Each structure stands twice: as structure tokens, then as C-alpha cells.
Amino acid sequence: MTNHVKFAIGGIIIGLILLVVLPAWAVVLIIAAAIAIPAAAYLMLDPSQRRRLREQRRRRQLGN
């Protein structure tokens, strides 16, 4: 099992637990923050840094 799958399964389990413990609006807020924070961090990169990041991702996929 890859790390991505492990993180996804863990996120789903944590989301279900939070859905039971917290009100629905708080869970939606947490999910929105979990999506927005990495997106904002990516947008804060310079174009050259974004290019280098895309290059590294592409190289990593080729090596599998």
C-alpha cells in the first residue's frame, strides 16, 4: 500500500470520527482548510519554484 493510500484512508477515518464528535459546519470548515492551505502554499511559490516542483513530480512518476 502506498503512502498516498494510507493518508487517504486515515483522512476518511478521521473525517468520520469528527463528523460524529463535532457539528457538521466545523467538519466542513476543517475539510476546507485542509484543501485551502496546500493550495495557497502552492500559489505562493515563484513560477520557477512551481516549474521545479512539477519537474520533480514528473520524474518521480517515471521511476515508480
Side-chain angles (χ1 to χ4, degrees):
M1 208 180 316
T2 65
N3 282 339
H4 294 291
V5 174
K6 291 177 187 177
F7 287 138
I9 292 172
I12 291 169
I13 292 172
I14 290 173
L16 290 174
I17 291 171
L18 288 177
L19 196 57
V20 172
V21 176
L22 297 175
W25 62 268
V27 175
V28 170
L29 216 62
I30 291 170
I31 292 171
I35 293 170
I37 291 171
Y42 178 77
L43 291 175
M44 289 174 60
L45 295 174
D46 292 336
S48 63
Q49 291 172 326
R50 289 182 197 170
R51 195 176 319 111
R52 187 171 12 167
L53 184 61
R54 281 193 305 264
E55 213 174 280
Q56 287 176 350
R57 286 182 186 162
R58 196 174 308 126
R59 232 182 285 140
R60 192 177 327 159
Q61 285 180 351
L62 292 175
N64 276 345

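None of these values were measured; they are calculated from a predicted model.
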Atom of Pro38, atom of Ala33 and distance for their closest heavy-atom approach: CD-O, 4.3 Å
Are [Y] and [X] linked, directly or through intermediate hydrophobic residues, by side-chain heavy-atom contacts shorter than 4.5 Å (ILVMFWY only)?
X     : Y     : answer
Ile35 : Leu22 : yes
Ile17 : Ile9  : yes
Ile13 : Val28 : no

According to the side-chain hydrogen bond (donor to acceptor under 3.5 Å, both in side chains) rule, which pairs have a member within residues 26-37, sequence neighbours left out? none
Can you list the steps and then say if Ile31 with Leu18 is a side-chain contact (heavy atoms from CB on, under 4.5 Å)? CA-CA 10 Å; Ile31 292 171; Leu18 288 177; over 6 Å; no
Show your reasoning for whether salt bridge (Lys or Arg N to Asp or Glu O under 4.0 Å) applies to Glu55 and Arg59. CA-CA 6 Å; Glu55 213 174 280; Arg59 232 182 285 140; 3.1 Å; yes
Going by heavy atoms in the side chains, are Val27 and Val21 under 4.5 Å from each other? no
Is any side-chain heavy atom of Leu45 less than 4.5 Å from a side-chain heavy atom of Arg52? no
May I ask you to decide if Leu43's main-chain N or O and Arg50's side chain share a donor-acceptor pair within less than 3.5 Å? yes
Counting N and O atoms only, with roles assigned by atom type, does the side chain of Gln49 sit under 3.5 Å from a partner on the main chain of Asp46, one being a donor and the other an acceptor? yes
